[in-house]
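First comes the structure, then the notes that go with it.
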Amino acid sequence: MDITGPWDRERVDEFLDGAQIPVRVGCRTPSDAPWIVSLWFSWDGAVNCATSASADLADFLAHDDHVSFEVSTNDPPYKGVRGRGRATVTPDADQELLRALLERYLGGVDNPTGDRLLRPDREEIRVRIEPERLHSWDYSERMGPADP
């Protein structure tokens with residue numbers, strides 16, 4: 001994997017593992033139009049997302065598995081990681097990944113979002129993005145600390 005930018009692999013892993021902001025995933029539709037979607041994710045050297053099996057993204061990735069992605073802070077000083085890679089889609093039959101993401105982002109599954117997403121009739125998939133290239137940026141020195 002090609003890694004560029006100011007951060008080494010260890011810092012990239014630290015940022016992505018600790019980020020509680022959605023990943024933005026870019027792909028192509030079957031008509032070759034660009035598409036972007038924001039999803040919760042976890043990082044284990046790859047980006048792992050969960051979504052409904054009926055989501056448009058599932059069809060788009062079946063057409064073309066090449067993706068781009070970005071995880072970046074929304075407030076100054078801006079920093080983050082962007083990359084590109086290939087996505088695989090597999091069933092999340094026990095909603096294991098979805099449960100882990102609910103824990104990561106909401107602190108548990110006992111909440112209205114968990115109730116809605118963990119319905120037994122909802123078919124869930126895993127989207128795993130294996131990065132081929134990662135690029136980090138960090139404007140902390142240039143922008144200084146965030147204003148209160």
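Just so it is clear, the structure is predicted and the values come from calculations on it, not from any experiment. Quick note: numbers below take in every heavy atom, side chains included, and nothing from hydrogens, waters or symmetry partners.
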The reported gap from CG in Asn111 to CG in Leu106 (rounded to nearest 0.5 angstrom) is 5.0 Å
Any sub-3.5 Å donor-acceptor pair from Tyr105's side-chain atoms to Ile21's backbone N or O? yes
Does the Lys NZ or Arg CZ of Arg142 fall within the cation-pi geometry relative to Tyr78 - under 6.0 Å from the ring centre and within 45° of the axis? no
Apply side chain to side chain contact (heavy atoms under 4.5 Å, CB included) to Ser42 and Leu97, showing your working. CA-CA 9 Å; Ser42 64; Leu97 178 57; 4.0 Å; yes
Where Ala46 and Ile129 come nearest, the two heavy atoms and their spacing: CB-O, 3.2 Å
Least distance between heavy atoms, Cys49 atom then Val23 atom: SG-CG1, 3.8 Å
Heavy-atom pair with the smallest gap, counting every atom of Trp43 and Pro131: CH2-CG, 3.8 Å
Using the rule that Ile, Leu, Val, Met, Phe, Trp and Tyr join whenever any side-chain heavy atoms are under 4.5 Å apart, tell me whether Met1 and Val25 fall into a single cluster. yes
Salt bridge (charged side-chain N to carboxylate O under 4.0 Å, His left out): which pairs involve residues 13-37, sequence neighbours left out? Arg9-Asp13, Arg11-Glu14, Arg24-Glu70, Arg28-Asp32
For Gln95 versus Leu117, what's the shortest heavy-atom pair and its separation? NE2-O, 3.5 Å
Any chance you could measure His66, atom NE2, to Arg84, atom CZ, to the nearest 0.5 Å? 9.5 Å
Report the residues that fulfil side chain to side chain contact (heavy atoms under 4.5 Å, CB included) with Glu123, sequence neighbours left out, ordered by chain and then residue number. Ala53
Just wondering, do Val71 and Phe15 contact through their side chains at under 4.5 Å, heavy atoms? yes
Crowding at CH2, Trp35 (>12 non-hydrogen neighbours, <6.0 Å): no
Under the salt bridge (charged side-chain N to carboxylate O under 4.0 Å, His left out) definition, can you give me all pairs with a residue in residues 109-119, not counting sequence neighbours? Arg119-Asp121
Got a second to check how far Asp64's CG is from Arg86's CZ, nearest 0.5 Å? 8.0 Å
Could you note down all residue pairs passing salt bridge (charged side-chain N to carboxylate O under 4.0 Å, His left out) where residues 50-62 supplies at least one of them, sequence neighbours left out? none
Does a side-chain heavy-atom distance below 4.5 Å link Phe60 with Val67? no
Indicate the atoms forming the closest heavy-atom contact of Val12 with Ser136, along with that distance. CG2-CB, 4.3 Å
Residue pairs, two or more places apart or on separate chains, that pass salt bridge (charged side-chain N to carboxylate O under 4.0 Å, His left out) and touch residues 125-134: Asp2-Arg133, Asp44-Arg128, Asp92-Arg126, Glu96-Arg126, Arg128-Glu130
Side-chain donor or acceptor of Ser38 paired with backbone N/O of Pro22 under 3.5 Å: no
Evaluate the side chain to side chain contact (heavy atoms under 4.5 Å, CB included) criterion for residues Ser52 and Arg122: first the C-alpha distance (whole Å), next the side-chain angles of each, then the deciding distance (0.1 Å), finally the verdict. CA-CA 7 Å; Ser52 170; Arg122 180 181 156 102; 3.7 Å; yes
Is there a side-chain contact between Phe41 and Val127 (heavy atoms, below 4.5 Å)? no
side-chain contact (heavy atoms from CB on, under 4.5 Å) partner of Phe69, the single match among Val47, Ile36, Leu39: Val47
dist Leu118:CG -> Leu98:CG (nearest 0.5 Å) comes out at 5.0 Å
Quick check: does any side chain N or O of Asp75 sit under 3.5 Å from a backbone N or O of Thr73, one acting as donor and the other as acceptor? no
For Ser68, enumerate each residue passing the side chain to side chain contact (heavy atoms under 4.5 Å, CB included) test, keeping only those at least two apart in sequence or located in another chain. none
